[in-house]
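Convention: sequence-line order gives letters A, B, ...; per-chain numbering from 1.
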Amino acid sequence: MKIIDVNATVGESLKYTRYQASDRLLAFMDDYRIAEAFTWSADCLRSPIEGNGRMMKEAAASEGRLRFVAYLDPSVPGMGLPEGKTLKERLIAARPAAVRINPVDGKYPFHVFYLQELLPTLEELRLPRIVDGGYDSLFWSNLPEVAKAYPKLPIILLRVGLNTSRVTMPLLKYTENVYFDMSIMLDVGQIEEITELGKVDRLLFASGLPTYEPSGSLANLFYAEISDADKEAIAHGNAERLLAGRQFD
Amino acid sequence: MTIRDYAFEGLPMPCPVIDAHTHMSEDYASGWHQKPDKITLESVISDYDRLGVNACVTAPHPIVQGRATYANELALEAAEKYPDRIYCYISVTPSEGMDAVKRAVSLYTRNPHFVGFKFLGGYNGHYLEKEYQYALGAANEAKCPVLCHKWGDSPMLTDFITNLKNFPDVKMICAHLGGGNRGETLRAAEVVNAYENFYLETCGSLYTTTDIQEVVGLVGAKKIIFGTDVLNLDPRYDFGRVAFSPISDEDKKDIFAGNYLRLLETSQMGKIKI
């Protein structure tokens with residue numbers, strides 16, 4: 001089964017993890033039979049210039065296995081991306097698989113007000129937006145408003161699962177554009193429950209490499225009590241649909 | 001085919017598997033959730049069949065609330081319904097008092113469905129309390145396993161060390177790889193290496209950055225016991241951490257069942273039939 005991982009990281013700022021460089025990520029992907037990975041550089045947190053710049057080059061050299069994820073800091077949007085007059089032009093030039101934001105590290109609330117200079121452009125390009133962690137009560141309160149204000153903007157949440165059914169299920173039922181990495185969906189039968197709800201198209205495979213490793217996530221996928229077609233959707237089909245939906249042209 | 005190949009095909013394991021850490025029965029407190037049709041024993045057995053889990057040992061969920069007597073009754077009921085698939089721990093909680101602990105020891109230590117004890121310190125007191133000490137005395141005499149909860153540093157690792165010194169014939173298993181995070185695993189590993197009768201159990205690993213391969217490097221495969229925490233946690237994740245790991249098949253066989261069966265060889269409580 002082809003597997004696309006939507007949560008992989010490289011970067012020299014990674015500490016106490018399994019690797020830093022892209023070639024080692026590729027080795028892990030080989031070992032765990034992962035075909036492609038949405039990959040960003042953690043070096044972006046300090047310097048989007050260095051992180052985005054290096055990640056674009058390494059993704060380009062990976063023959064399609066590492067898909068560039070652009071890190072966007074609302075205070076310096078577009079930093080590290082190719083030159084352009086607007087954020088839209090810079091993103092079109094970079095053609096990322098997705099963009100990644102980190103409200104916790106950037107110390108800003110996840111709210112339409114604070115993201116108003118980013119979200120219209122991302123929605124216009126249908127660029128999947130990965131929100132990196134920090135899912136506290138305020139985040140869960142603000143998320144439905146963001147999702148409904150920008151309904152064509154896919155929002156991907158990472159490592160959500162255990163003890164979160166009371167927020168994930170309403171988000172799946174009542175929004176159209178919130179997606180979840182299923183790696184730690186450990187409420188018992190959660191993947192089956194979401195599938196029965198008809199929302200398996202909103203689940204994505206992720207490893208969390210290099211902080212985490214893929215083995216538990218792989219079991220969630222390969223031993224899910226769902227159809228092979230639904231497993232294929234989680235493994236790669238849903239990610240491919242998001243990639244195909246981007247509007248760069 | 002290797003065990004890993006079986007896993008990549010989504011097939012049941014080709015070797016014995018014992019889930020040494022389970023809590024049968026539902027629990028919807030504190031954010032926990034189970035798909036409603038997944039809370040029955042039948043459903044758990046069905047899920048085990050798909051993974052290839054031969055047997056489990058359980059301390060049902062009422063132990064979380066300090067209701068050990070009820071947990072033991074539920075465990076026995078489950079084991080009688082599924083003999084050879086479900087085995088029991090004697091649940092112990094200080095809040096029910098010493099008489100309840102003595103009664104449980106008297107009732108269950110010679111019942112073949114019961115293979116050891118389960119302590120849920122942190123939720124229920126600390127391991128130097130007199131009720132735990134009494135149960136440890138009984139476990140020491142029976143030379144049986146005692147599965148002890150530990151999350152973070154609660155209960156404290158120093159209490160484990162005290163008990164390891166005082167009860168050398170207990171096979172003490174520290175749940176959650178020593179406490180659910182890398183730092184606690186590293187600290188617990190030192191104790192595992194210092195005491196022959198101290199083991200690490202695998203479940204609740206979703207937040208740790210330490211993989212099974214590294215744990216094998218820290219303490220050796222023979223000191224690791226497989227568990228999933230079902231029905232608190234979906235069993236697949238911790239199952240996968242072993243099944244998909246790049247460690248050898250021999251190490252996987254030890255972790256999945258061999259080590260636990262060896263613990264029971266010298267125990268005077270119940271035995272697991274595989």
Honestly, the part of Tyr212(A) sitting under 4.5 Å from a heavy atom of chain B is side chain

Okay, Thr211(A) and chain B: the region with an atom under 4.5 Å from a heavy atom over there is both

Cut-off 4.5 Å, heavy atoms of chain A, and the answer for Ala243(B) is neither

Looking only at Met1(A), Met185(A), Glu213(A), the option with the highest number of non-hydrogen pairs under 4.5 Å against chain B is Glu213(A)

Q | OH/Tyr28(B): more than 12 non-hydrogen atoms of other groups inside 6.0 Å | A | yes

Does Asp211(B) come within less than 4.0 Å of Arg18(A), counting only side-chain N to carboxylate O?
yes

Regarding Ser183(A) and Ser217(A), do their side chains bring together a donor and an acceptor under 3.5 Å, going by distance alone? no

Under 4.5 Å to a heavy atom of chain A? For Thr210(B) that would be backbone

Worksheet item: So, are Lys38(B) and Asp187(A) salt-bridged, with charged N and O less than 4.0 Å apart?
Response: no

Under 4.5 Å to a heavy atom of chain B? For Glu196(A) that would be side chain

Pair Glu184(B)-Lys150(B), salt bridge (Lys or Arg N to Asp or Glu O under 4.0 Å): steps then yes or no:
CA-CA 9 Å; Glu184(B) 294 301 332; Lys150(B) 182 173 180 292; 2.9 Å; yes

Cut-off 4.5 Å, heavy atoms of chain A, and the answer for Ser205(B) is neither

Are more than 12 heavy atoms from other residues, nucleotides or ligands located less than 6.0 Å from atom CD of Glu77(B)?
no

From the list Ser215(A), Pro210(A), Gly208(A), the residue making the most non-hydrogen contacts under 4.5 Å with chain B is Ser215(A)

If one checks every heavy atom of Asp47(B) against chain A at 4.5 Å, the contacting part turns out to be side chain

Note: vs chain A, highest number of non-hydrogen pairs under 4.5 angstrom among Thr208(B), Thr209(B), Ile212(B) is Thr209(B)

Scored by heavy-atom pairs under 4.5 Å with chain B, the best of Arg159(A), Lys231(A), Gln190(A) is Arg159(A)

Please tell me whether Asn7(A) and Arg100(A) have a donor and an acceptor in their side chains that are separated by less than 3.5 angstrom.
yes

Inset, instruction - Take atom CE of Met156(B) as the centre, draw a 6.0 Å sphere, and report whether it contains more than 12 heavy atoms from other residues, nucleotides or ligands. - result: no

Honestly, the part of Leu51(B) sitting under 4.5 Å from a heavy atom of chain A is both

If you tally heavy-atom pairs under 4.5 Å between each of Phe239(B), Phe8(B), Tyr207(B) and chain A, the highest tally belongs to Phe8(B)

Shortest non-hydrogen pair, Pro214(A) vs Leu209(A), comes out as CG-CD1, 4.1 Å

